[in-house]
Every structure is written in structure tokens, then in C-alpha cells.
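Some notes on the structure that comes next.
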Amino acid sequence: MKYHFNDIEAKWRKYWEENQTFQAQNNSDKPKYYVLDMFPYPSGAGLHVGHPLGYIASDIYARYKRHKGFNVLHPMGYDSFGLPAEQYAIQTGQHPAITTETNINRYREQLDRIGFSFDWSREVRTSNPDYYKWTQWIFTELFHSWYNKDTDKAEPIETLITQFTNEGNELVNAVCDEDIIPFTAEMWNAYDEEQQQKILLQYRLTYLAETEVNWCPALGTVLANDEIVNGVSERGGHPVVRKKMKQWSMRITAYAQRLLDGLNRIDWPQPLKDSQTNWIGRSQGASVKFQIPNSKFQISVFTTRPDTIFGVSFMTLAPEHELVEKITTPEQKEAVEAYIEQTARRSERERMADVKTISGVFTGAYAEHPFSKEPIPIWIGDYVLASYGTGAVMAVPCGDERDYAFAKHFNIPIPNIFDQDISENAFTEKEGFKIVNSDFLNGLSYKEANEKAIEALENIDQGTGKINYRLRDAVFSRQRYWGEPFPIYYVNGLPKTIDPEHLPIQLPEVEKYLPTEDGQPPLGRADVWTWDAEKSVVVSNELIDNETIFPLELNTMPGWAGSSWYLFRYMDANNEDELASREALDYWQNVDLYIGGSEHATGHLLYSRFWTKFLYDREFLKVDEPFKKLINQGMILGESAFVYVLQPKLISPKGNDDINVNAQVLISKEVYEEINDGGNIESLPKPLYDFVFENVKHFQEYNLRAKDYKINFVCFKTTIDVKYVNISNEINLTGFSEDERYKALKNASYFDGEKVINNQDVKVVREVEKMSKSKYNVVNPDDICDQYGADTLRMYEMFLGPLEQAKPWNMAGITGVHSFLKKFWKLYCDDYGLLVTDSPASKDSLKTLHKTIKKVEEDIENFSFNTSVSTFMIAVNELTAQKCTSREVLEPLAVLISPYAPHIAEELWSKLGHTESISTAPFPEFDEKHLVESTKEYPISFNGKMRFTLELPLDLPKEEIEKAVMAHEKTQHYLEGRTPKKVIVVPGKIVNIVG
RNA sequence: GCUCAAGUGGCGGAAUUGGUAGACGCGCUGGAUUCAAAAUCCAGUUCUUUCGGGAGUGUGGGUUCGAUUCCCACCUUGAGUACCA
């Protein structure tokens, strides 16, 4: 019986599928455990070896938990709405649903080959109407909710209407729009329906608003802040401009504090928590109002340093600030307008890149200091951002570096309110100083002055303590086709939701996936995209009468809509009446272990926490955090392959024509660096020179045009697709024949440093880069499975190093893991059959087994999967040496390894006579008694250096150990005649002789 | 610039509370088997050495009988972030 991994793996994949081995039950006496992977976007490129890394880790954990007696939910699905399918549709006219389906099937085939224990009966796809029905439903729930700051949670909009009806809005403490007009109960009741709806829209958790958005003309859509990197779109790198549009927004800011607080209760990597904390950007301080004398205007600012209020020597407004044009004096008008124009012309990119230049202009206006009543000049400057805080700052040059630089640049006074030196730099510390020159704050510390200043501001009604967040409300509309349609239609321009019983509102057919000519989103092209409010059906656009038949929303939802709640759908994936049943939600609660990449830190992971908290507030869920524990798996990098090429050329006397001579030579990196510049062939090493000269001359004999041309050459580095490179970094040039890209290289020669030789296997130079199709360094897991099997792939991916660490994919070690599995197999059977016997195991074998149980269990609990692979290797090496054939050792060993290498474990398990899947077997129990030793190999150190070991009984007392060591002949040798000053004996550990 | 993480053989990496540095695997060297190769098996493999030893976990200090592990300073690399008032 040989280890035919391909047959074995196919057999067990089939068995698991037919027997639904990994189907989770929604009611069970066992404790529950929910293991989830971040679901993939099914791209056309398929999976590469980097994708399954996290899936393998979570699968090992899920299988381990099953052995440990848990009812495990371990599902998989697809985040199947998204841009690439739509881009492809635009280019080819192919419906995105079709490409998506094809891609999903490819993913599924690839996933299946690796032997994951997913419960596929619960698969979800965000683009499936049965699924997005509930995404739409959650949207309507958000629409019909408001955030009550008094109860600190979301409530149904009805509770707000009741308050309006009874007492108006003055006592309402809600998270809402800023420009709310106060009204009484009488006024509310007198408003017509339309007026009331307009007001309610200012309170809803999802609302329509003119928003300044990041518009990407090239993609024809709005992007979220986290979809923009360095001022260009994350996908495609297209420029992004600011533009005002009517958009759906989500009032995530209502949850800012709770999103922050929740971080303390979840087990996530610190860097991830840090980036959410930064993204939310809480800062505590005060809001201060500065009056502009002789006018009705006042400037409101936010400051984190109210203690420095007496250090204010000017104010700066963002150029976009609405007061700028109102307060600018006639004398300064020209300069101000010129400056505004100048900043508007600068692109976001420029403004970001250029942090050094200080610019600004005086408006001519003055504000009044709230305490000293001194006039304060008001400037504008583009270092103040319109989108943060109030778009205005009180500038304290002695305590803030930007204010300091600005003041220095424009010769504005810098009053010092610290007992510190500020002649060179601003003093920005918050400790180790006393306030001076500050009236009633003199002599106080930061903390004392802060409190006192806020109190004083509140007393004169010029300010109040305030907490500010950097987090903005999330724009929720996308001008896209391939996304969830909004369940919204418009009556007189006011949005109304479609009742839940009529959901889902399915995506309409369109003939093209582009925006319309007049700039409407692609859904503007649909002919049947109108809501009949009486019959509750989508009907043809011609029927719009705005009485019973109304236009539907043309935007679609963003990618994060479907992924914000999918974890709950898996709990009851096929439920047609609810998002998931109450019982399923109560039983599974939330995800115990979530594994995925760190790129979702401020997108998916923040939004899904927000939606979970909302669903919790509205009592659909019993938990308010989606993912209890989260692990970021490190990226697997590709090892791109390169060769250096010398290309001989012929150049016409005038230099206006050149011909590549088909006599390329591959050269080493060293030679390349020497002759890098190209040019005259006289500079080449002799053998190369001869080769080039001979070939070019030969060429010229047959090409009369080139007769007078000058011989020249260029050198370049070129990428070789890794599929042409073998495990020893060699490429076979003849293997190139069918690939257009390498046609020119097919017949290239090779210069080995001494001579030019023909058509040899050449070694490539490797460089570590991100694994991607465009870098030709993608390794497909299917190929590994073909060659070595899924069990080898699984173990090797784990063996590469710690899960969280980024590491390059290097095939060099895979043979070691593969031969380990062969060796493991040989423990159980040889060519003639099963070797396992019922004879009792030796003491040593039991020790090996229990040592392994202990280590593997600890490793899995600590997610240290790489070290358990080594542990298995050691165990197999030892058991092979011990010639162990005992069932009492080999049977538990098969269970131990089954989370890692499930196929081989199942096969051996059935050979051992079991009829049920090994996944039902309990995890072996560790028994300390097999590891108890009677003696210890004591390391004997001299001044901390280990010199030799000495075996002594473990129960030997300290004094006896010392005696035995001192009596040893080697001790005298290492002492070299010295008398030891001290002998440290730690029983069971070590002996150290000092002196 | 700021924040965080990490620096260990030729390579990936191991070392649980401070206690035998380099487990395990790759690669390399030598050997067995073979007509030969693959595969398999055995031995060796941190550096250095006058073969007694000596040095050694990014660098320099410190604490300790003893430091890869703890503390301080610095260097390098990687990741995130970017005028946040």
C-alpha cells in the first residue's frame, strides 16, 4: 500500500460531500463555536497560494474544535457584488451575474481541492436576491430609526414622532443634522406630511443629503475615504475630485463613542485596534465662540487646549469657510479672493504633498477675545481643513507648531503663556509647565487650567466642553450597476421605503452598464424601474404619474453593505422569512474566531461593528460586537523571477534607425551591473565581445540595409513568469516555445562569466514582491495539489512561519513536508499492508505520543501552527526509530494530525478499521504520567557558559548535586585551578559555577 | 515626521515563567543503494581555531550567578498614518 495522495484525497472529498460530514446543527447539546474567514471577492484570476493561508489556519482550528467536542459553525460564501465584474461587463457587455457565477465556480473548485471542512449548505452570495433582500431590509430599518442620545441607542422613528407630537423637538437629544430648526408640538402637528417627512429625514440613521463626495470621473462613481489612497482611487489609481451630490449617508458618527469603547472588549490585534481608534479620532477639548464686534457674526472653533486661551494671537479660517466672504474688509477683498482661487486650483494631491509651504492671507477683520476683549486678527490659510471640526482654529503660536510657523512667517506676535522657552520652537508638551500671562489661569497646570477655562467659558456663555470625532458619516450611494438596489422610491422628491413584504427589489436589466449620457447612474438606463405603490410591483417607466406610480432610486449600495452582516446570515442561511431565526441568532451569537487580512481595518471591520450595534439596539441581536477574536494572517508574497539580457543592436550612422539583432545573451547580475549603461561593445568582456561581434557581422552579411550601421547594445532586466522556473531557480529556455512574451529569448545564449554557451538551463534572480498576476509570480494551489497533494499544501503553508507574519512563497521546503507525510504513512503501512498491531506500546513511544499531544494542543490554542508541524516531524522521526507499530500510539496520532492533514488521516483511520469519519473522534487526552522522568541531564555552566552535562537523579538534594558536580573530573578541568566563589544550583534546571 | 512591529546560521524559522541558542525543514558536504538517474537511507553542517579552546541572537551600555528573553540609548527593515486644531 503506497501513499497515493491523489486517489486518497479525491476519495475523501467525495465522502465528506456525500455524507455532509461538516454540516453544523442549529441545536445541539454541545457548546457552540463559530469560526469564520473573511469571505472572498470572486475575481477572475482565481485563488493563488496566498489566499488559502488563513482558510487553512481557520480550518485546522475548526477541525480541532470538533475533536474537542464543540458544535462548530464553519461556513464560506462570496462577496459577489463589486467593481471588477462590472468593469468587465462594461468592456464586454457580458452580464456581471454571468462572470460572477463563472468565477465562483472556479473558486469553489479550487477551494474544494484543499479539503476544507466548510458547511457548504450555508453558502451565501451577497449578489443573490435571497440574500440582498435582507440587506435591503436592514437599510429600511436604519431608515426607520433615529439615535437617542439620552438612552444612548437607536430607537424606532415612532418614538421620535411621539415626542414631536407631544412636545416638539427642543427637548429631543438626538444625533441629527446640524441645521435643525426648533419647533413646538403645535407647529409639528400643523405641518403637512411633506414638511414632517423633511424634518424626519434630518434624524434618520440613513438619510439623504447634499454631500461633498469623492467623485472619481474615470470610474464614474463616488468613493469612500478608505477607498482612496494618496488622493487617487485604490482600484486603478484614477484621480479623485471633490463634488457635491445628493447621496444616502449612514449616521455612523452616532456610534463613534461606542465603537471606541467596544474595542476594549474584543480580542483583536493591537495595530488593528489602533487604526480604528485613529480613524474614529476622538479628541477632547472645548468649543469656543469668538464674537466679531459690530456684526452679527461669530466664529466657532474647536480646541483641545482651552488652557491656552490667553495665548491666542490670531484666528485662521479654512479658505472654504462660509464666513470668509462675509467678514473680509473691502481693502483685503482682492487679496483674499486671489488666495481662495489659488488654493482651489491646487489639487488635493499637491496640497497633501506640500506640507512645508506656509501660505495665508489676512481678511482685515478682527474677532474679540472672550476674556481680554482684545481684538484678534482673522486670517485664512489652507493648513486649516474645512472638513474637520468647524473649519476654523484659534491660533496659539506659542503652543502649536503650525500656528508658530504661520505666525513667524507673517510676523504675527507670539505671546508666551508658558514658563518655558519658545524662542526657537512652540512648546507643545502637556506636562511640566505652569501657565503664565493668563489672568485667572496663572500658575495652573494643563489639567487644572483646562477645567477652569471651560468653566469660565460656560459662565460667560462663550463656550463649552466638547468631544470631537474625526469620523465622518459614511456615504452609502454608489453610481454603479452591480450592487444592491435601494428599496426606495420618490414621492415629490421625498424618499419612501418599500415595505418588507415586497422585498427583494431585484436589479433591473439594462442594455449597457455605463452611466447615462446625462450623468445618471446605470440604473437610469433601465426601462422597467418604477414603483407602483398600489400594486406594490416594479413596473415600466412609461407609467410614472407621480400619483400612485413613482420613480425608484437609481443609485446602488456600496460593497460594504452586504459584508456588514453576512456573519449572521450563515446562522440560518436559507431562511425566507427572517434575516435569520431568533433561535439561530441566539444560539450562535457572534463569531468566536475571525481570520482575514489587515486591509479591512477601517472599512469592513468598522462598518460591520456599526451595523451589529444598530441591530443590537433594535433588539434583533443579543450581541453588540460581531467578531470576538480576530487574527490577521500575514500576506504571502511572490518571488518574482528575473533575467538580465544583453541585446545587440545596429544603429544607423545618423542614429535615426536601429535594428535588434537576434542574438540575445543572458548575463548574470554582476556582469549586468558592470556593463549596465550599454553602448560601445568595445567595453564588453572579451568572450562577450567576440560573440556579439561575430553574430552581428553575420547578420550584416544578409541585411544589406545595415551594412554601414554601427554595432551597439542595450542591457535590460526582464520578468520571467514563474511557471517556467523550476524549484532550483532554473529556467528552460526551450520551454518558452509557445509563449509569445518570451519568443525573443527562446534562442538566447548564456554568458557564464567565462564563455558564451548555447541554450543552457539558466538561473533566474528572485525578488520578493506582492503576489499578483501583473508581476507574473502567481503560484496556483491547484498545481501544488497535483504535484504533492492538498495535505502537503496545507502543512507546508503552515510550516512557512508564524500565521500573522508576511512571508515569501518559496517552494524550496515543500519536499521536506511531502517526504514527512510519506514517512508518516510508512509508520502505518508498507508495500504489503497494514503494519499496526495491538501489542502494547513501549514506554518511549508513549512518551513521544504524549509529548506530541501536549505540544500540538498548546500550539493550536496559541495559533502557532508552524511549530506543530515540526512537532509532528519529530514525533514521526522518533516513532520510526522506535519501530513503533502499536495501535494505542498510532491511532491517537492520526487524530492529532487530522486537522492539519485530513485526507491522509481519514484514509489511515479507515484502514485501522473505523467506519465513521475521523472528524468524529475525540481529541487524545494528554497524560502527564508518561512524561515523568527520574533523572535529569543537568547542564553544568561556568560563569554562565554551558560546558558539559551530567545526568543526576531528579530527587537529588541541592547539596548532593553540588557535591557530585564538584567531584566531576571535567569540573576541575574547566576551573583551571581557580576556586569557585559560588555555586548556583537550581534543582531540576541548571548548575552554574562562578569563579 | 508620528505610531506600531520586527532584527537569531547559506535560507524559512525554533527556544512556555530569565536557565543546555540554532529544534524542525531546506540547502550544502561525504557515504550506502543503482549500469545511471530519481527516490530512499546513514553521517556531518553557527563562525573561528595553534584542536586545548575562543567568539556568538542588529550595535553600544546596564540589571543578574546566568539575558535571544528584562531596562536604557542608537542603527536598520517592514507595516500603518499623514497638516486633526
Side-chain angles (χ1 to χ4, degrees), chain A residues 230 269-275 277-279 281-283 285 301-305 308 315-316 318 351-356 358 381-385 387-396 399-403 405-406 468-470 598-599 601-602 632 634-635 727-728 795-796 799-802 804-820 822-823 826 854-855 858-859 862 864 866-877 937-949 973-974 976 980-986 988-995:
Chain A
N230 294 332
Q270 198 55 42
L272 205 118
K273 288 189 186 182
D274 288 348
S275 70
T277 307
N278 286 337
W279 194 259
R282 181 187 201 267
S283 46
V301 301
F302 174 76
T303 176
T304 54
R305 297 292 302 271
T308 63
M315 303 190 73
T316 317
R351 264 169 87 166
M352 272 201 307
D354 178 22
V355 203
K356 295 267 142 55
I358 296 160
D382 69 0
Y383 79 95
V384 178
L385 305 175
S387 57
Y388 183 74
T390 60
V393 300
M394 58 175 230
V396 182
D400 181 282
E401 276 174 32
R402 284 153 308 152
D403 294 346
F406 194 88
N468 206 35
Y469 298 93
R470 196 182 77 128
S598 55
E599 66 274 19
T602 50
N632 287 132
M635 206 192 319
I727 208 163
S728 323
M795 289 203 108
Y796 186 59
F799 190 60
L800 276 175
E804 294 95 328
Q805 227 168 71
K807 54 226 156 209
W809 177 261
N810 182 327
M811 289 284 285
I814 200 162
T815 51
V817 172
H818 189 61
S819 37
F820 155 72
K822 285 196 271 191
K823 223 169 151 183
K826 281 191 198 156
K854 184 165 189 269
K855 176 80 171 126
E858 280 169 4
D859 283 347
N862 293 321
S864 172
N866 54 324
T867 49
S868 18
V869 180
S870 311
T871 305
F872 287 127
M873 290 175 173
I874 294 167
V876 168
N877 287 346
E937 187 92 355
Y938 275 96
I940 313 300
S941 333
F942 291 77
N943 297 320
K945 276 265 164 216
M946 203 283 285
R947 294 307 180 190
F948 65 96
T949 60
H973 171 81
Y974 283 101
E976 292 167 341
K981 290 196 190 108
K982 205 169 168 189
V983 179
I984 313 276
V985 179
V986 185
K989 283 248 156 110
I990 199 169
V991 177
N992 190 17
I993 298 164
V994 188

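Below, each value reflects all heavy atoms present in this structure, side chains not excepted, and no hydrogens, waters or symmetry copies. Predicted, not measured: the structure shown is a model, and the values here were computed from it. Protein chains get the first letters and strands the later ones, always in sequence-line order, with residue 1 at the start of each.
Rounding to the nearest 0.5 Å gives a distance of 5.0 Å between CD1 of A:Ile814 and CH2 of A:Trp809.
OP1 or OP2 of B:rG13 has at least one side-chain nitrogen or oxygen of A:Gln805 nearer than 4.0 Å. Side-chain N/O atoms of A:Asn877 include one lying less than 4.0 angstrom from OP1 or OP2 on B:rG25. Note on A:Arg470: every side-chain N or O is 4.0 Å or more away from OP1 and OP2 of B:rA85. Listed pair A:Ser941 / B:rC65 fails the phosphate criterion, with no side-chain N or O lying under 4.0 Å from OP1 or OP2.
Taking atom P in both B:rU63 and B:rG54, the straight-line distance is 24 Å, to the nearest Å. Only the P atoms considered, B:rG22 is 16 Å distant from B:rG56, to the nearest whole Å. Separating the C1' atom of B:rU57 from that of B:rA67 is a span of 11 Å, rounded to the nearest Å. Using atom P as the reference point in both B:rA85 and B:rG80, the two lie 23 Å apart (nearest Å). On the C1' atoms, B:rU48 is 23 Å away from B:rA43, given to the nearest whole Å. One C1' atom belongs to B:rA14, the other to B:rC26, and the distance between them is 15 Å to the nearest Å. Straight-line distance between the P atoms of B:rC51 and B:rG13: roughly 39 Å, to the nearest whole Å. The separation of B:rU17 from B:rG27, taken at their P atoms, amounts to 33 Å, rounded to a whole angstrom.
Between the CD1 atom of A:Ile993 and the P atom of B:rG66 there is a distance of 14 Å, given to the nearest Å. Rounded to an integer number of Å, the gap from A:Lys807 NZ to B:rC11 C1' is 16 Å. Nucleotide B:rC83 holds its P atom 16 Å from the CD1 atom of A:Ile358, rounded to whole Å. Between the CD1 atom of A:Ile940 and the C1' atom of B:rU20 there is a distance of 10 Å, rounded to whole Å. Summarising the geometry, the separation between CD on A:Glu858 and P on B:rA15 is reported as 11 Å, rounded to the nearest angstrom. Going from atom CZ of A:Phe302 over to atom P of B:rC83 covers 17 Å, rounded to whole Å. In this entry the distance linking CE of A:Met811 with P of B:rG25 reads 19 Å, nearest Å. A straight line from CG of A:Asn632 to C1' of B:rA79 spans 11 Å, rounded to a whole angstrom.
No donor-acceptor pair under 3.5 Å is formed between the side chain of A:Asn278 and the backbone N or O of A:Gly281. Here the side chain of A:Tyr938 pairs no donor or acceptor atom with the backbone of A:Val991 at under 3.5 angstrom.
Of the candidate nucleotides B:rG19, B:rC83, B:rU20, B:rC83 has the atom lying nearest to any side-chain atom of A:Arg402. Closest to the A:Lys989 side chain, of the nucleotides B:rA14, B:rC65, B:rU17, is B:rU17. For A:Pro939, the listed nucleotide lying nearest its side chain is B:rU20; candidates were B:rC84, B:rG27, B:rU20. With B:rC65, B:rA85, B:rG13 as the candidates, the nucleotide lying closest to the side chain of A:Ile984 is B:rC65. Distances were taken from every side-chain heavy atom of A:Asn866 (C-beta onward) to each of B:rG66, B:rU40, B:rA14; the shortest belongs to B:rA14. Distances were taken from every side-chain heavy atom of A:Asp382 (C-beta onward) to each of B:rA85, B:rC83, B:rG13; the shortest belongs to B:rC83. Side-chain proximity of A:Lys823 to B:rC41, B:rA15, B:rG19: nearest is B:rC41. You'll find that the side chain of A:Met946 is closest to B:rA21, out of B:rA23, B:rG25, B:rA21. Checking B:rA15, B:rC4, B:rC24 against every side-chain atom of A:Thr867, the shortest atom distance belongs to B:rA15. Listed nucleotides B:rA85, B:rC24, B:rU20 differ in distance to A:Ile874; the shortest reach to its side chain belongs to B:rC24.
For B:rA21, there is no paired nucleotide, since no Watson-Crick or G-U wobble pair has both relevant distances below 3.5 Å. Nucleotide B:rA38 has no partner under the Watson-Crick or G-U criteria, as no pair reaches both atom distances under 3.5 Å. When both distances must be under 3.5 Å, the Watson-Crick or G-U wobble mate of B:rC28 is B:rG44. Partner assigned to B:rU50 is none, using Watson-Crick or G-U wobble distances below 3.5 angstrom. With both pairing distances under 3.5 Å, B:rG1 is matched to B:rU81 as a Watson-Crick or G-U wobble pair. Under the Watson-Crick or G-U wobble criterion, with both distances below 3.5 Å, B:rG7 is paired with B:rC75. The pairing partner recorded for B:rA67 is none, the criterion being a Watson-Crick or G-U wobble arrangement whose two distances lie under 3.5 angstrom.
Of the two residues contacting RNA chain B, namely A:Asp400 and A:Ser275, the nearest-nucleotide position lying further toward the 5' end is that of A:Ser275. Taking the nucleotide of RNA chain B with the nearest heavy atom to each of A:Leu800 and A:Asp403, the more 5' of the two is matched to A:Leu800.
Ring geometry, A:Phe302 versus A:Tyr388: the interplanar angle exceeds 60°, so the pair is classed perpendicular (tilted spans 30 to 60°).
Shown here are the ring-ring contact (aromatic ring centres under 6.0 Å, His included) partners of A:Phe942, two or more places apart in sequence or in another chain: A:Tyr974.
Using a 4.0 Å heavy-atom cutoff across all strands shown, A:Ser819 reaches sugar-phosphate atoms only and no base atom. Within 4.0 Å of A:Asn992, counting heavy atoms only, lies at least one base atom of the nucleic acid. Among the heavy atoms of the strands lying under 4.0 Å from A:Pro802 are primed sugar atoms or P, OP1, OP2 only; no base atom is included.
In terms of heavy-atom proximity, A:Met394 sits nearest to A:Arg305 at CE-O, 3.9 Å.
Regarding the sugar-base torsion, B:rG9 falls in the syn class, its angle being within 90° of 0. Classified by its glycosidic torsion, B:rG62 falls in the anti category, the angle being over 90° from 0.
For the residue pair A:Lys823/A:Asn877, the side-chain donor-acceptor check at 3.5 Å is satisfied. For the 3.5 Å distance criterion, the side chains of A:Glu858 and A:Asn862 fail to qualify, holding no donor opposite an acceptor. A donor atom on one side chain and an acceptor atom on the other are found under 3.5 Å apart for A:Thr867 and A:Ser864.
On a pure distance criterion of 3.5 Å, a polar donor-acceptor pair joins the side chain of A:Lys945 and the base of B:rG56.
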